[in-house]
Amino acid sequence: MKNIDTSVICLMPWIHTHIWPNGDAFPCCMSDSSEIFGNVHAETLGGVMNNENYKTIRKQMINGEKPTACSRCYELEDHADSWTLRKNSLESFKQHLPLINQTNDDGSIDGFKMRYMDIRFSNLCNMRCRTCGPSLSSSWYDDQIKLHPGTVEKKFIDLKVNPDFMDELAPHLDTIEEVYFAGGEALITPQHYDVLDYWLSKGRKDIKLRYTTNFSNFRYKNRSVLDYWKKFDDVRVAASLDTHGKQAEYSRKETDWDDIVLNRQQMIMHCPDVYFEITPTVSIFSVHSLFDFHRTWVDQGLLDINNIRINILTHPRYFSITILPQEYKEKVRELYVEYVEWLNQNKAQAHVIQAISGIITYMDSADHTDLLPEFKKQILTIDRIRNENFAEIYPELKDLI
């Protein structure tokens with residue numbers, strides 16, 4: 001019987017592989033994207049799951065070692081006591097913990113069955129978020145060419161360039177328990193709807209559907225995602241909304257804030273039973289305004305006060321809240337004291353207040369003010385390309401640039 005250190009182990013390498021539009025495979029969506037574990041264009045899906053990288057990460061976890069590829073989860077747990085996919089895997093898939101004891105001595109596993117699916121079928125996306133790039137957003141292509149000529153070859157990246165991949169994936173669709181759809185932008189990606197149609201044809205309404213979406217568009221050709229959500233038993237939609245108004249339109253370029261509000265109203269009308277939350281990415285672009293955005297949507301009846309899941313940006317580090325000078329950090333602390341007071345007055349659940357407090361803990365965990373010159377360079381360069389003005393949108397931070 002193998003010892004299982006629950007402070008280290010993660011079930012993802014036993015039940016899942018995360019695949020990017022270019023075919024690169026990773027242990028999960030939170031793992032270090034610089035550590036590629038394989039590629040489904042060079043190996044079969046089954047081959048990836050038992051290659052040397054996957055065997056090594058399993059052995060490391062079984063031996064109580066924290067793999068470097070998984071540093072983001074460990075960092076967030078250590079410094080912000082934050083929700084992580086690692087923690088979630090142990091809770092949501094605990095019935096599969098016996099798989100760890102079935103691992104072969106070399107780290108390989110027999111008869112891999114995918115239980116959790118997170119495959120980014122395409123980089124198709126209609127937004128150019130400041131913290132993203134061309135690998136996961138086709139809309140970033142033109143900006144990237146201007147910023148770094150020759151660094152990207154194609155605007156659109158799609159797994160369908162490998163005609164065998166979907167055939168390899170097909171048997172695993174029958175063993176999926178939970179699927180996570182994210183970007184690119186899943187709601188405008190054809191494979192998203194094809195997979196849902198397959199499960200519905202098999203009567204599999206029990207698949208847990210999980211989304212992170214930019215929440216800008218509910219239609220793909222003649223299909224409405226609202227019609228699909230009504231047909232599944234367990235749907236949870238997380239909107240990547242960090243702030244509102246002009247700041248939302250700046251940080252997530254191509255956002256139309258009025259459309260976002262309208263989409264939320266439509267969802268309430270047509271899918272009132274589908275769980276909805278915001279999953280704000282806390283970065284330099286949102287840390288001062290998250291409180292006001294959250295409170296506004298709660299007051300307007302668009303959001304339950306407890307339906308917020310904090311995602312703290314760790315990379316690129318120059319957009320992290322750890323770059324703030326001390327006087328700016330003090331201002332953030334003042335805002336969040338007021339924020340927590342409002343949460344308490346409105347009887348927010350303890351885990352929400354804990355997550356909000358984790359923002360401050362993480363902000364104070366490091367001093368990365370040495371990255372301020374790179375922050376300024378990145379902001380001004382992209383402002384020039386997009387004809388935008390950071391100082392006008394973020395007057396509270398204008399002195400940093």
Item checked: Steps toward side-chain hydrogen bond (donor to acceptor under 3.5 Å, both in side chains) verdict (Ser216, Glu185) -> CA-CA 9 Å; Ser216 64; Glu185 174 50 37; 5.7 Å; no
Next item on the list: Go through the steps for Arg86 and Glu77 under the test salt bridge (Lys or Arg N to Asp or Glu O under 4.0 Å), then give the verdict.
Entry: CA-CA 10 Å; Arg86 189 196 75 82; Glu77 291 168 8; 3.1 Å; yes
Check: Asp234 and Arg210: salt bridge (Lys or Arg N to Asp or Glu O under 4.0 Å), yes or no, with the steps?
Finding: CA-CA 9 Å; Asp234 186 348; Arg210 304 290 182 259; 3.1 Å; yes
Note to self: Quick one, Tyr54 with Thr17, criterion side-chain hydrogen bond (donor to acceptor under 3.5 Å, both in side chains). Give me CA distance, side-chain angles, the key distance, then yes/no.
What the structure shows: CA-CA 9 Å; Tyr54 264 96; Thr17 184; 2.7 Å; yes
Item checked: Worked verdict on Phe181 versus His192 for ring pair (Phe, Tyr, Trp, His ring centres under 6.0 Å) -> CA-CA 8 Å; Phe181 290 113; His192 159 254; 4.6 Å; yes
Check: Is there a ring pair (Phe, Tyr, Trp, His ring centres under 6.0 Å) between Trp229 and Tyr211 once you walk through the steps?
Finding: CA-CA 11 Å; Trp229 288 345; Tyr211 291 85; 5.3 Å; yes
Next item on the list: Evaluate the side-chain hydrogen bond (donor to acceptor under 3.5 Å, both in side chains) criterion for residues Tyr250 and Asp383: first the C-alpha distance (whole Å), next the side-chain angles of each, then the deciding distance (0.1 Å), finally the verdict.
Entry: CA-CA 10 Å; Tyr250 176 95; Asp383 271 3; 2.6 Å; yes
Checklist line | From CA spacing to verdict: side-chain hydrogen bond (donor to acceptor under 3.5 Å, both in side chains), His368, Thr322 | finding: CA-CA 5 Å; His368 289 128; Thr322 55; 2.8 Å; yes
Next item on the list: Under the side chain to side chain contact (heavy atoms under 4.5 Å, CB included) rule, what do Arg115 and Glu178 come out as? Steps first, then yes or no, please.
Entry: CA-CA 7 Å; Arg115 307 292 183 176; Glu178 181 176 319; over 6 Å; no
Next item on the list: Evaluate ring pair (Phe, Tyr, Trp, His ring centres under 6.0 Å) for Phe37 paired with Phe26, printing each intermediate quantity in order.
Entry: CA-CA 5 Å; Phe37 272 54; Phe26 305 88; 7.7 Å; no
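Atom-to-atom distance recorded for Leu313:CG and Ser286:OG is 8.5 Å, nearest 0.5 angstrom. Atoms CG and CD1, on Leu372 and Ile401 in that order, are 11.5 Å from each other to the nearest 0.5 Å. With values rounded to the nearest 0.5 angstrom, Asn126 atom CG is found 4.5 Å from Ile188 atom CD1. Considering NE2 of His351 and CD1 of Ile310, their distance stands at 11.0 Å, rounded to 0.5 Å. In this structure, Cys28 SG and His18 NE2 are separated by 7.5 Å, a value rounded to the nearest 0.5 Å.
Side-chain atoms of Thr381 do not come within 3.5 Å of backbone N or O of Gln378 as any donor-acceptor pair. A donor-acceptor contact shorter than 3.5 Å links the side chain of Asn50 to the backbone of Ile109. The backbone N or O of Lys160 lies less than 3.5 Å from a partner atom in the side chain of Asp158, making a donor-acceptor pair. A donor-acceptor contact shorter than 3.5 Å links the side chain of Thr361 to the backbone of Ser357. Under a 3.5 Å cut-off, the side chain of Asp273 and the backbone N or O of Lys230 do not form any donor-acceptor pair. A distance-only check finds a donor-acceptor pair linking the side chain of Glu168 to the backbone of Leu45 [under 3.5 Å].
Here Asn263 pairs with Phe215, Phe218 under the side chain to side chain contact (heavy atoms under 4.5 Å, CB included) rule; sequence neighbours left out. By the salt bridge (charged side-chain N to carboxylate O under 4.0 Å, His left out) test, Glu254 pairs with Arg128, sequence neighbours left out.
Smallest separation of non-hydrogen atoms from Tyr275 and Met267: O-CE, 4.2 Å. Across all their heavy atoms, His294 and Ile305 have their closest contact at NE2-O, 3.1 Å. Annotation for Pro190 and Arg223: closest pair O-NH1, 4.1 Å, computed over non-hydrogen atoms. Counting all heavy atoms, side chain and backbone alike, Pro27 lies closest to Ile57 at CG-CD1, 3.8 Å. The two atoms that bring His96 and Leu11 nearest to each other are O-CD2, 3.8 Å, heavy atoms only. Closest heavy-atom contact between Met117 and Leu173: SD-CD2, 3.9 Å.
Between the side chains of Ser240 and Asn214, not a single donor N or O lies within less than 3.5 Å of an accepting N or O. Side chain to side chain, Thr255 and Glu249 fail the donor-acceptor criterion of an N or O pair below 3.5 Å. Side-chain N/O atoms of Asn104 and Asp106 include no donor and acceptor closer than 3.5 Å. Using modelled atom types, one finds a donor on one side chain and an acceptor on the other under 3.5 Å when comparing Gln95 with Glu177. Side-chain polar atoms of Asp227 and His270 form no donor-acceptor pair below 3.5 angstrom.
Tyr336 has its ring centre no less than 6.0 Å from the ring centre of Phe291. Between His244 and Trp297, a ring centre-to-centre spacing not shorter than 6.0 Å is recorded.
Within 6.0 Å of CD in Glu153 there are 12 or fewer heavy atoms belonging to other residues, nucleotides or ligands. More than 12 non-hydrogen atoms from other residues, nucleotides or ligands lie less than 6.0 angstrom from CD of Glu327.
The pair Asp206-Lys208 fails the salt-bridge criterion, with no side-chain N (NZ, NE, NH1 or NH2) lying under 4.0 Å from an Asp/Glu carboxylate O. Salt-bridge check for Asp242 with Arg252: passed, with a basic side-chain N closer than 4.0 Å to an acidic carboxylate O. We find that Glu388 and Lys253 are joined by a salt bridge, their nearest charged nitrogen and carboxylate oxygen being less than 4.0 Å apart. Salt-bridge check for Glu75 with Arg72: failed, with every basic side-chain N at 4.0 Å or more from each acidic carboxylate O. Between Asp174 and Arg204, no side-chain nitrogen of the basic residue sits less than 4.0 Å from a carboxylate oxygen of the acidic one, so the salt-bridge criterion is not met.
Tyr74 carries Lys66 over the face of its six-membered ring, with the cationic atom under 6.0 Å from the centre and within 45° of the normal. At least one cation-pi condition fails for Arg130 and Trp140: the charged atom is not both under 6.0 angstrom from the six-membered ring centre and inside a 45 degree cone around its axis. With Tyr228 as the aromatic partner, Lys231 meets the cation-pi criteria of under 6.0 angstrom to the ring centre and within 45 degrees of the ring axis. A cation-pi arrangement, defined by a distance under 6.0 Å to the six-membered ring centre and an angle within 45 degrees of its axis, is present between Arg309 and Trp83.
Residues Leu397 and Leu324 meet the side-chain proximity criterion, which asks for heavy atoms closer than 4.5 Å. Under the 4.5 Å side-chain criterion, counting only non-hydrogen atoms from C-beta, Leu209 is not in contact with Val237.
No option in Tyr328, Tyr318, Phe390, Phe285 other than Phe390 meets the ring-ring contact (aromatic ring centres under 6.0 Å, His included) test with Phe375.
Within the structure, salt bridge (Lys or Arg N to Asp or Glu O under 4.0 Å) contacts touching residues 362-375 (residues at least two apart or in different chains) are Arg333-Asp364.
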